Participant: 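Would you mind keeping the following structure in view while I ask a few things?
Computed from a prediction, not measured in an experiment: that's the story for all the values here.
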Amino acid sequence: MQIEKVYEPQRFEPHWAQWWIDSGIFHASQRALPHVFSLVIPPPNVTGSLHIGHMLEHTEIDVTIRWHRMCGDNTLWLPGADHAGIATQMVVERKLAEEGLDRRTLGRDKFIERVWEWKAQYGDQIKRQMIRLGASCDWSRERFTLDPGLSRAVREVFVRLFEKGLIYRGEYMVNWCPRCRTALSDLEVKSAETQGHLWHIRYPISSTTAAHVVVATTRPETMLGDTAVAVNAKDPRYFDLHGRTVDLPLMNRQIPVILDDLADPQFGTGAVKVTPAHDTNDFEAGKRHNLPRIKVIDEGGRMTAEAGPYAGLDRFEARRRVVEDLERLGLLEKIEPYTLAIGKCDRCGTVVEPLISTQWFVRTKPLAEKAIAVVETGRIQFIPENWTKTYFEWMYNIRDWCISRQLWWGHRIPAWHCQECAEIIVAREAPTSCTRCGSSQLVQDPDVLDTWFSSALWPFSTLGWPDETEDLKMFYPTSLLITGFDILFFWVARMVMMGCEFMGDIPFRQVYIHGLVRDAERQKMSKTRGNTIDPLVVTEKYGTDAVRMALLLGAAPGTDIVLSEDRMESTRAFANKIWNAARLLFVNMERSGVEPWLPNRLETFRPEAGPSIEVSVEDRWIFSRLNTCAEHVNHAIEQYRYHEAAQLLWHFFWHEFCDWYLELKKPSFQENAGINADWRNVLAAFETALRLLHPAMPFLTEELWQRLSNGRPTRPVSIALAEYPQYGEQHTDFAAEREIGILQEVVTLARTLRTEMKLDPKLQLQGTLHARGDALEIARRHADAMRRLSGVSLEFSPDPPLAGAASRSTSQFDLVLHVPKTQMEAQRRRLEKENDQLSKNIASLENQLSDESSLSRKPEQVVANMRAKLAEYKSQLAKNKAALNALE
RNA sequence: GGGCUUGUAGCUCAGUUGGUUAGAGCGCCUGCUUGACACGCAGGAGGUCACAGAUUCGAGUUCUGUCAAGCCCACCA
C-alpha cells in the first residue's frame, strides 16, 4: 500500500470534491425511503463570493446532511442563490461607476442585462466554492430566486394575497433611502445612537408683539414643512394658545395650534412642531387634524420648491442654513446636545428620510397569527430555544410590510396600470386589456418586490410550487433550517408566514440558529476591520478538513465561533495525525503482505486457529471504546452539538486509537504474516473510525477509505454512502475496558514516576507491581506491553510494598520503581504536596461525616461514597507518611 | 424604555437532570530526532467558577440582587 509521506490535502481535496459531484452521489432520491431528511440552503446573495460565515453555516449543514445520508435517510440539501435586490443592484452600479457609467443612462433593460452578467459570474463562483468546500448538495436541484419557476411562484403568491385583501397599495409614510432612491421596510432601517442637538426655536404667536411659543426639534430643516404646532390639551402652560395660530418663521405662514397627545408636557417645552410630510408621528397627527402635508424634501434628499429660499439645497446643508437664519433673527432660544437614534439604510448607511409615497404593503397580522400558533404548539422548534421568545416578540408586534422597491433588479410587481382609466390590474400574466374600460394602454408597475418576498417562498418555490410536484410531496415540510440570527425576522419569520399560508403547513420542523464567526480577539469579522478570513485562502493553506474541524470545535450552540490561525493549525495537526495513523497501517500492511481491505462494518474477527482462542483484549477494548464514541457522536450531531461531536472524535482518534490502541498493536504487525485476525480487527476499527469522522472531515476520510479499497469496486462507491456507525450493545465490553484501564494506569504511573525522578528516558528500569485481587492477574498478562510503553520491567507481587520505595498508588495497586535512594528527592516533594491535599480532603470529609443531622438527610449512596473515599485517603496518607519516614 | 445572551486556567471555550479532588484545545514549563507523525512523544504547572445574598445535607450548576460586556427590538419632538 503506497502512501505519501506527508499529509498534503491540496493534492486530493479538489479531486474528491469534483468526483462527488460527477458521480451524483448527493442526488436525492424520489424513491420512498423510510426516512426523509430535507433542508434548503439559506441562499447566499449573488453579490460576491462566500465568506467564512457561509463556510461555518455550510459546514454545520454538511455535517448534518452527510450524517443523515450515512444513516440511510433519503437526504436532500437543496442549493441555490438569492438575487438580493438592493445589494446586487448596488454592487453592479458601483462597478458601472468605475466604467464611468450610470444605470439611468444605460436604461433599464441594458442595466438588467449587466446584472445578469454579474449574477452568472458570481453565481458560478459561489457554486465552485461550495463544491470545493465539500458541500454535499444536490446540484441537479439548484435554484435561483429569479428563475422562471420561482418567479411564477412569486406572482402566484402576490395575486393570491391581493385577492385575499392581504396585499394593498396606498400612500403612507415610509422609510426612504435618498441614495438608493427606494422605499425600505422597517427591517432594512438600522437605528444608530448618534450625538445630535435639540434646537429650541421660537415661533411667534400671531397678532402679538412679544409672545412666542418655543418648540424643540432635532431636525430644524423640517420646520419649513410645518403645518401646525401641537400642545397637550391638559397642559396649563398653553391654555391661552388654544384656538390661536403662530407665525412660522422663515416661511411667512400662519399655522394653527392644535391640541394633541402627540405633545408630552413632560418633554422639552411641551410644544411640538408638526411636519406631517416628514415625520411618522406628525403624519398621524396630521391625519387626525386634517393638516396639509407640505413636502419640503424630495426623493434625493434635496429641498423642494416648497422650501422657498432653501429649494435645491441638500437636507443637511438646509439644516445649517435654517439654524443660521433663525439665529440671526433671534429666534433660536437655545441648543442642547442630545443623543438620538438615527435610522440608516441597512445597505448604504445613508440617513433614511421618512417620506410619503405610494407603495405596496402586505397586511401581516393575519399571516402572523398562524406563524405564532405553529411555534406555540411546538410544531416548529428553535434551537437554542431562547430564540423562540425573540421570534414571538417580533410576531406579536408585527407591522405591515412595505414590499415595493423603486429598483430595477428583482421581481417586477405583477400589477398593470391602465393609462386611460387608472385602473390597477393585478394578474399572474400580463393582461391585454383593462378589465374596467377595455383599453389596451396598460403599463406594468415599474417597481420590484422586496428581495425577501421571494426568499419567503424558498422552501416551497424551490420544490416546484405552485405545481404539485413529486419533490414537494416528498420533501415539504423540510426537516431543518440552519441559519444566522441576523435574518430571523427578514427571512425565517416570513417563511413561516408564507409556508403556513400557501402550503397550509410549516416550512421546516426545526430551526438551528448558529453564531457569528469572530477572530482571535473575539472581534466581528468585517472588511473594514481587515480581519476577514477568506475560506479559499485558509482552505488552501490548512486543508478544508482542518478548517471545517476548527469551525466545528468552536460551534457550541448559542455561542459565537472563534476562528484563528492557531486553531486551524491545531486541527491540521489532527488531520495530519489521522494521515500518519493510516501511514503506520499502510506501511505495515505492505511489509506484512496484507492486501488493502475494506471491512465496511465493525465486527470482531477471531484468529484462524478457531473460536476457542480469545480475541485479543486490545481489539475488544477498542471496539468497545469505538462503540461508546459512536453512541455519543450520534447523540451530539442529532442535537446539533457540533463542538461536542468534534471533540469526541478528536479525543477518541488521537488519545485512544493512536495513543493506546495502535501502540499496543504494533508488535502484531509482523513481517509477511499476511492478513490475520489482528489485521482484520485493526482495519475494522480504523475503517469504522473513518466513517465516524467522515461528516466532519469528508476529504481525508474519503481519500483513505478509497485507498483501503484500492480501486476495487466496492458496494458503496464512496464513504459518503457507507453506513454511519451506530451504537451496538454487543460491542460494549466492560471487562476489556477494565483490563486496558489497569494497563493504562500502570503505564502512566510508571512514566510519571520516572519523569518525576528525572531518570534518563532511555534507561530500562526494574520495578514491582504490588497489586490487589484480580488486578494482579490482569497486570501480569500485560507485562510485555507495560515494559514496551513505560520502559519498566515489572515483577508482580500480591504483598504490600515496603516503605521507602519510589512508589505511586491507586486503589488497585502500588507501583514501585527500583531506583537508588539518592534519586528520591523529587519523590519526597511530591509526597509532601500530595499529603497536604489529602489532609485537607480528609478533614473536610470527616467534618461532613461527623455532622449527624446533615448526614441523616444525605442519600445513602452519597454517604457510602464519602466513607469509601475517606478510607482511601487515609490509607493513602498513611502510606505516604511511611514512605516519607523511610526517606529520612 | 423593553427583551435576550455572556462572565469558569494566560487565551478561546466545555461542564446534560445540583453529588467525591471542576475539564479540553491553544499557549507556557521540563525532558525526548523512540522506524506513522517535532503538524510528534512523555510528564507537568496553572482556577476564591464576576460579586453579594438565598434555597439545600450539599451550588460552577437553582433563585434574587449588584457589577461588567455584547446583541436585538422601540415613532417620544
Side-chain angles (χ1 to χ4, degrees), chain A residues 3 5-7 173 191 198 215-219 222 230 262-264 266-269 271-275 279-284 338 340-341 343 354 384 386-387 389-390 393-394 397 485-486 488-489 516 518 520-522 542 546 553-554 556 558-564 566-567 569-588 635 639 641 643-644 647 650-651 658-659 662 666 748 751-756 758-762 789-791 837-838 840-841 844-845 848 851 853-859 861-863 865-866 868-870 872-873:
Chain A
I3 181 162
K5 202 166 164 48
V6 184
Y7 167 62
M173 174 81 50
S191 70
L198 199 54
V215 296
T217 180
T218 54
R219 303 196 53 200
T222 61
L262 172 70
D264 173 3
Q266 306 303 315
F267 189 91
T269 61
V272 195
K273 59 189 275 311
V274 183
T275 324
D279 181 278
T280 318
N281 284 320
D282 295 3
F283 176 74
E284 295 301 324
Y338 189 72
L340 69 163
N386 56 287
W387 290 105
K389 197 161 179 181
T390 311
E393 186 137 328
W394 189 75
N397 300 309
F485 58 85
D486 49 330
L488 185 62
F489 307 141
L516 228 55
R518 292 172 181 273
E521 277 77 45
R522 285 202 113 263
Y542 300 102
L553 277 168
T559 66
D560 287 339
I561 289 87
V562 174
L563 187 67
S564 61
D566 274 1
R567 279 160 191 264
E569 272 171 27
S570 79
T571 47
R572 181 186 53 189
F574 178 59
N576 184 58
K577 187 76 184 175
I578 298 172
W579 180 264
N580 278 293
R583 248 178 71 76
L584 173 71
L585 295 180
F586 291 2
V587 168
N588 277 292
H635 190 65
Q639 305 199 297
R641 302 177 62 83
H643 71 300
E644 201 172 291
Q647 203 177 311
W650 177 301
H651 183 265
C658 291
D659 287 355
L662 289 182
K666 273 180 182 173
T748 305
R751 286 166 173 171
T752 309
L753 262 176
R754 56 184 310 157
T755 310
E756 192 170 279
K758 303 192 186 305
L759 299 172
D760 178 356
K762 272 168 294 198
L789 299 181
S790 69
Q837 186 63 49
L838 283 167
K840 265 187 227 162
N841 293 341
S844 154
L845 281 172
Q848 289 179 59
D851 185 350
S853 65
S854 78
L855 218 52
S856 60
R857 270 165 291 183
K858 285 185 204 291
Q861 190 56 47
V862 171
V863 178
N865 284 344
M866 286 168 68
K869 212 68 201 172
L870 180 61
E872 198 186 318
Y873 289 162

Participant: Which nucleotide in the set B:G15, B:C71, B:C37 lies at the smallest distance from any side-chain heavy atom of A:F485?
Facilitator: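 Out of B:G15, B:C71, B:C37, the nucleotide with an atom closest to A:F485's side chain is B:C71.
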Participant: Of all the nucleotides listed (B:A36, B:C39, B:A42), which has the minimum atom distance to the side chain of A:D659?
Facilitator: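 The nucleotide sitting nearest to the side chain is B:A42.
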Participant: Round to a whole Å and report the spacing from CG of A:D486 to C1' of B:C4.
Facilitator: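 Between C1' of B:C4 and CG of A:D486: 16 Å.
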Participant: Kindly say if A:K389 contacts the phosphate of B:C72, meaning a side-chain N or O under 4.0 Å from OP1 or OP2.
Facilitator: no
Participant: Considering just the side-chain nitrogens and oxygens of A:Y338, establish if one lies under 4.0 Å of OP1 or OP2 belonging to B:A77.
Facilitator: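 The answer is yes; a side-chain N or O of A:Y338 sits under 4.0 Å from OP1 or OP2.
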Participant: Taking A:N588 for the side chain and A:L584 for the main chain, is one N or O donor matched with an acceptor at less than 3.5 Å?
Facilitator: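 Checked: pair present.
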Participant: Does A:T559 place a side-chain N or O at less than 4.0 Å from the phosphate oxygens OP1/OP2 of B:A14?
Facilitator: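 Result: yes.
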Participant: Are the side chain of A:N397 and the backbone of A:E393 linked by a donor-acceptor contact shorter than 3.5 Å?
Facilitator: yes
Participant: Has the side chain of A:N281 got a donor or acceptor that lies under 3.5 Å from a partner of the other kind on the base of B:C75?
Facilitator: yes
Participant: State which of B:A14, B:G70, B:C73 makes the closest approach to the side chain of A:R518.
Facilitator: B:G70
Participant: Let me spell it out: for each of A:L585 and A:T755, pick the nucleotide of RNA chain B with the closest heavy atom. Which residue's pick is nearer the 5' end?
Facilitator: A:L585
Participant: Using the C1' atom on both, measure B:C41 against B:U34 and round to a whole Å.
Facilitator: 8 Å
Participant: Assess the residue pair A:V215 and A:V272 against the criterion (side-chain contact (heavy atoms from CB on, under 4.5 Å)); give the C-alpha distance rounded to whole Å, side-chain angles, the decisive distance to 0.1 Å, and a yes or no.
Facilitator: CA-CA 5 Å; A:V215 296; A:V272 195; 5.9 Å; no
Participant: Please state how far atom NE2 in A:H643 lies from atom C1' in B:U12, giving the value in whole angstrom units.
Facilitator: 13 Å
Participant: Does RNA chain B take part in any stems of at least 3 consecutive Watson-Crick or G-U pairs (both distances under 3.5 Å), and if so, which ones?
Facilitator: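 Paired runs of 3+ in RNA chain B: B:1-7 with B:67-73, B:10-13 with B:23-26, B:28-32 with B:40-44, B:50-54 with B:62-66.
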Participant: Counting heavy atoms from C-beta on, name the nucleotide in B:G40, B:G15, B:A77 closest to the side chain of A:A573.
Facilitator: B:G40
Participant: Could you work out which one of B:A36, B:C39, B:G44 sits closest to the side chain of A:T752?
Facilitator: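 My answer, after comparing the listed nucleotides, is B:G44.
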Participant: With respect to the side chain of A:S570, which nucleotide from B:C26, B:A77, B:A42 is positioned closest?
Facilitator: B:C26
Participant: Just how far, in rounded Å, is P of B:C4 from CZ of A:F489?
Facilitator: 13 Å
Participant: Between A:D279 (CG) and B:C76 (P), how many Å, whole number?
Facilitator: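 Nearest whole value for this atom pair: 10 Å.
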Participant: Rounding to an integer number of Å, can you tell me how far A:E393 CD sits from B:G1 C1'?
Facilitator: 12 Å
Participant: Give the nucleotide from the list B:C76, B:G15, B:A36 with an atom nearest to the side chain of A:R641.
Facilitator: B:G15
Participant: To the side chain of A:R751, which of B:U5, B:G43, B:A36 is closest?
Facilitator: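 It is B:G43.
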Participant: Which one, B:A77, B:A36, B:C26, comes nearest to the side chain of A:K666?
Facilitator: B:A36
Participant: Check ring pair (Phe, Tyr, Trp, His ring centres under 6.0 Å) between A:Y542 and all other residues, then give those that pass, not counting sequence neighbours.
Facilitator: none
Participant: Given that A:S191 and A:K5 both sit by RNA chain B, which one's nearest nucleotide is further toward the 5' end?
Facilitator: A:K5
Participant: A:F485: what forms a ring pair (Phe, Tyr, Trp, His ring centres under 6.0 Å) with it, not counting sequence neighbours?
Facilitator: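 Result, ring pair (Phe, Tyr, Trp, His ring centres under 6.0 Å) vs A:F485: A:W387.
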Participant: Just compare B:U12, B:A77, B:G43 and give me whichever is closest to any side-chain atom of A:T748.
Facilitator: B:G43
Participant: Check whether any side-chain N or O of A:R583 sits under 3.5 Å from a backbone N or O of A:K577 as a donor-acceptor pair, and report yes or no.
Facilitator: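 Flag not set: sc A:R583 to bb A:K577 has no pair under 3.5 Å.
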Participant: Do any side-chain nitrogens or oxygens of A:K577 fall under 4.0 Å of OP1 or OP2 in B:A36?
Facilitator: no
